[in-house]
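Just so you know, these numbers use all the heavy atoms, side chains as well, and skip hydrogens, waters and symmetry mates. By convention in this document, chain letters (A, B, ...) are assigned in the order of the sequence lines, proteins followed by strands, and residues within each chain are numbered from 1.
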2 protein chains.
Amino acid sequence: MSVTIKDVAKLADVAPSTVSRVIANNPRISEKTKRKVKEAMDYLGYHPNFNARSLANRSTQAIGLVMPSSADKTMQNPFFPEVIRGISTMAHEQEYALYMSTGNTEEEIFEGVVRMVQGRRVDGIVMLYSRVDDNIMAYLQEQNFPFTVIGKPFKNAEKITHIDNDNFKAAQEMTEYLLSKGHERIGFVGGNLNLVVTIDRLLGYEKAIRKAKLPLKDEYIVHEEFLKEGGQEAIKELLALENPPSALIVMDDLMSFGILHTLNELGLSVPDDISIVSFNNVMLSELSSPSLTSVDINIFQLGYEAAKGLLDCIQSPKHNPKRVTVPYKLVERQSCRTV
Amino acid sequence: MSVTIKDVAKLADVAPSTVSRVIANNPRISEKTKRKVKEAMDYLGYHPNFNARSLANRSTQAIGLVMPSSADKTMQNPFFPEVIRGISTMAHEQEYALYMSTGNTEEEIFEGVVRMVQGRRVDGIVMLYSRVDDNIMAYLQEQNFPFTVIGKPFKNAEKITHIDNDNFKAAQEMTEYLLSKGHERIGFVGGNLNLVVTIDRLLGYEKAIRKAKLPLKDEYIVHEEFLKEGGQEAIKELLALENPPSALIVMDDLMSFGILHTLNELGLSVPDDISIVSFNNVMLSELSSPSLTSVDINIFQLGYEAAKGLLDCIQSPKHNPKRVTVPYKLVERQSCRTV
DNA sequence: TTGTAAGCGTTATCAC
DNA sequence: GTGATAACGCTTACAA
């Protein structure tokens with residue numbers, strides 16, 4: 001079949017264990033045999049079998065990715081490719097590969113993670129989201145399996161390495177930004193309320209509204225999926241109100257696009273009729289018309305740091321959990337106006 | 001450590017092999033012991049170790065993805081997330097996971113593939129691109145390792161299962177579309193000339209131009225990277241001509257966005273000054289201003305079929321290689337006008 | 001129908 | 001420094 005360590009050993013006239021040592025770059029091996037073995041390896045085109053190695057080793061050089069829902073849906077949002085880009089860059093630096101298992105239902109996804117973990121397919125996991133009472137996170141903690149999360153864990157945050165923006169502050173600032181432009185009816189378009197990012201930002205929004213001594217209207221707060229369709233739903237709900245908001249703070253660019261789209265169909269103008277501050281600043285934000293004023297949350301860096309934190313966990317298991325806060329920055333474009 | 005097949009065997013009071021048979025759902029095992037074993041597995045929370053299984057089995061239930069350049073760069077183009085979405089959907093249906101290794105240089109990527117293959121980390125590979133004289137493809141063929149390619153292999157196409165659009169025809173039709181709108185100076189903005197897709201489409205373009213008895217101008221043909229920056233470069237080159245094209249056929253939406261951007265900066269209007277027909281029809285196409293007239297090449301299906309073909313190869317190794325042609329469709333929007 | 005035992009290709013632990 | 005040899009956790013003939 002394929003060439004194994006034994007073949008190399010035979011050709012180099014040494015024991016398999018010696019070959020193994022050469023691979024591992026074991027210091028106490030003579031230069032001479034090292035060379036001899038390497039020649040044999042080259043000659044035979046030898047490559048170690050990773051499965052055998054992981055088995056003996058208990059390490060796979062791979063990290064697993066967990067997405068919030070089916071990759072099918074998830075990948076539609078540019079956030080994820082971008083965060084994966086960050087993860088992949090870091091992973092590559094340390095010669096780790098990425099492993100993603102997918103599923104359509106909560107249950108399937110959970111099973112996929114269990115297989116990754118128990119099956120020892122990966123050395124650690126990056127959770128690409130954080131939600132309230134997540135059973136996957138609970139499972140990983142219980143198993144004491146190395147993982148980091150992008151976003152803030154709802155509980156035990158101090159025990160889990162996580163990478164996040166200061167979402168509370170960001171949302172507060174963005175709301176104040178709209179207030180400063182004279183808006184008083186500000187709507188909040190968030191994702192599912194069990195996502196911690198939604199919660200944090202909602203709190204920031206509420207804080208700003210209260211601080212401005214404005215009434216906090218429940219009907220101005222809408223939750224939908226982080227997809228274009230979600231935005232479309234959201235704006236329909238809001239427009240159905242007798243006194244719709246004059247400005248929106250929207251959790252996700254993709255949703256904003258949905259909103260733009262629907263508004264456009266209805267003959268309403270952004271920013272003339274409604275102003276929008278969005279989040280994520282994905283590449284498209286500058287392409288839409290009008291281009292989106294959006295908060296750049298540094299998605300790439302979020303991913304990069306998450307992978308880095310994970311590799312720390314893996315490599316020094318007694319590492320202290322830490323929180324990394326990635327800075328954000330408002331990028332002003334054309335979707336907001338002063339009233 | 002973690003619970004193994006032996007633990008289950010002991011608890012259920014059977015031999016390890018019996019447990020293994022239960023896992024494999026071997027028919028000749030009594031219902032009674034089957035139940036007994038399953039209970040033990042549940043009780044202990046047993047999950048098979050994938051590495052051990054692959055080792056004994058020579059199968060990993062994972063498929064590898066090969067990208068044209070560093071994931072870093074690649075993931076910026078929405079084509080890839082979308083094609084991965086398709087692959088992932090199919091993979092999921094058959095309980096395969098995805099495995100991606102990345103690298104910055106040609107050399108690193110090649111090494112990554114060799115490790116995937118020789119290290120038996122995956123059962124097969126999907127190549128996400130096709131280029132002239134690709135050493136990775138040559139390697140996979142030489143190793144007789146199962147793989148499929150998205151795009152048309154430059155040589156041995158009949159021996160390799162591949163999934164492609166009819167790019168020659170598509171480009172010809174799109175050129176004719178522009179001709180029918182009265183354009184006579186039509187530029188071609190392609191990707192790297194070693195990508196087969198560029199070649200095929202260029203040939204289609206040339207055919208249409210010749211058929212229309214128009215002069216084939218070398219200076220109207222530009223090659224850049226499939227990125228926004230590529231588009232910006234391309235349009236600069238074209239505008240520098242004394243008699244620039246009045247219409248462009250552009251290989252990739254991302255490039256088109258770059259072109260739009262630059263044109264906008266220069267105060268030139270699309271479609272009034274220049275018309276554009278683009279390819280890919282990624283989600284953004286309808287969001288830009290003007291929205292892009294773009295050929296929908298069914299990226300998702302490209303990925304889906306590629307994975308399907310691969311699983312065929314893996315599951316029945318003596319499968320005949322086949323070619324799957326995915327249909328395309330022009331989506332007319334606002335980036336073209338009649339002169 | 002089930003058990004025994006020999007792999008699968010490494011690494012790790014002892015010896016020498 | 002290097003070589004035996006026993007894991008690692010599972011599958012699969014071959015026996016029983």
Any side-chain N or O of B:Ser20 below 4.0 angstrom from OP1/OP2 of D:dT11? yes
Checking all strands, does A:Pro48 fall into the base, sugar-phosphate, or nothing category for heavy-atom contacts under 4.0 angstrom? sugar-phosphate
Grab the CZ-C1' distance between B:Arg35 and C:dT1 for me, whole Å please. 15 Å
Between A:Pro16 and A:Arg28, the residue closer to the 5' end of DNA chain D by nearest nucleotide is A:Arg28
note: B:Lys6, atom NZ; C:dA5, atom P; distance rounded to Å ~ 13 Å
Nearest heavy-atom neighbours spanning A:Phe79 and A:Leu128: CE2-O, 4.3 Å
How many whole angstroms separate atom CZ of B:Arg21 from atom P of C:dT1? 11 Å
Out of curiosity, A:Ile87 CD1 to A:Glu82 CD, how far, rounded to the nearest 0.5 Å? 11.0 Å
CG of A:Asn26 versus P of D:dG1: gap in Å, rounded? 10 Å
Which residues within residues 50-57 of chain A lie with some heavy atom under 4.0 Å of an atom in DNA chain D? A:Leu55, A:Ala56
Let me know the distance between CG of A:Asn49 and P of D:dC10, rounded to the nearest Å. 17 Å
Note: B:Lys155-B:Asp133 ion pair, threshold 4.0 Å (strictly below): yes
Option from B:Arg323, B:Met127, B:Met137 for which side-chain contact (heavy atoms from CB on, under 4.5 Å) with B:Ile160 holds: B:Met137
Nearest whole angstrom, please: distance from the P of D:dG1 to the CG of A:Asn25. 15 Å
Suppose we call a contact any N or O donor and acceptor under 3.5 Å apart; does that hold for the side chain of B:Arg58 and the base of C:dG9? no
With a cut-off of 6.0 Å (strictly less than), are more than 12 heavy atoms of other residues, nucleotides or ligands near NZ of A:Lys10? no
Examine D:dC8: is either OP1 or OP2 under 4.0 Å from a nitrogen or oxygen in the side chain of B:Thr4? Give yes or no. no
Expressed in angstrom and rounded to an integer, what is the separation of B:Ile5 atom CD1 from C:dG7 atom C1'? 15 Å
Just checking A:Phe300: does its CZ atom have more than 12 heavy atoms from other residues, nucleotides or ligands closer to it than 6.0 angstrom? yes
Is there a side-chain contact between B:Thr33 and the phosphate of C:dT2, meaning an N or O under 4.0 Å from OP1 or OP2? yes
Pair listing, salt bridge (Lys or Arg N to Asp or Glu O under 4.0 Å) test, anchored in residues 302-312 of chain B, at least two apart: B:Asp312-B:Lys322
What's the closest nucleotide to the side chain of A:Ile23 if the choices are C:dT2, C:dC14, C:dT11? C:dT11
Quick note, A:Ala15 side chain, CB onward, closest among C:dT10, D:dC10, D:dA4 is D:dA4
For the pair made of CZ in B:Arg121 and P in C:dG9, what is the distance, rounded to whole Å? 17 Å
Return yes when atom CZ of B:Phe110 has more than 12 non-hydrogen atoms of other residues, nucleotides or ligands closer than 6.0 Å, and no otherwise. yes
Hey, does A:Ile150 have a side-chain heavy atom less than 4.5 Å from the side chain of A:Asp164? no
Would you indicate whether the side-chain heavy atoms of B:Leu11 and B:Glu39 approach each other to under 4.5 Å? no
For B:Ser17 and C:dG3, is the shortest distance between a side-chain N/O and OP1 or OP2 below 4.0 Å? no
Taking five pairs at each terminus, the helix from C:dT1-D:dA16 to C:dC16-D:dG1 shows an axis bend, to 10°, of 40°
At under 4.0 Å between heavy atoms, what does B:Val19 touch on the DNA or RNA strands: base, sugar-phosphate, or nothing? nothing
Let's see if you can work this out: which of D:dT2, C:dT2, D:dG3 has an atom nearest to the side-chain heavy atoms of B:Ile29? C:dT2
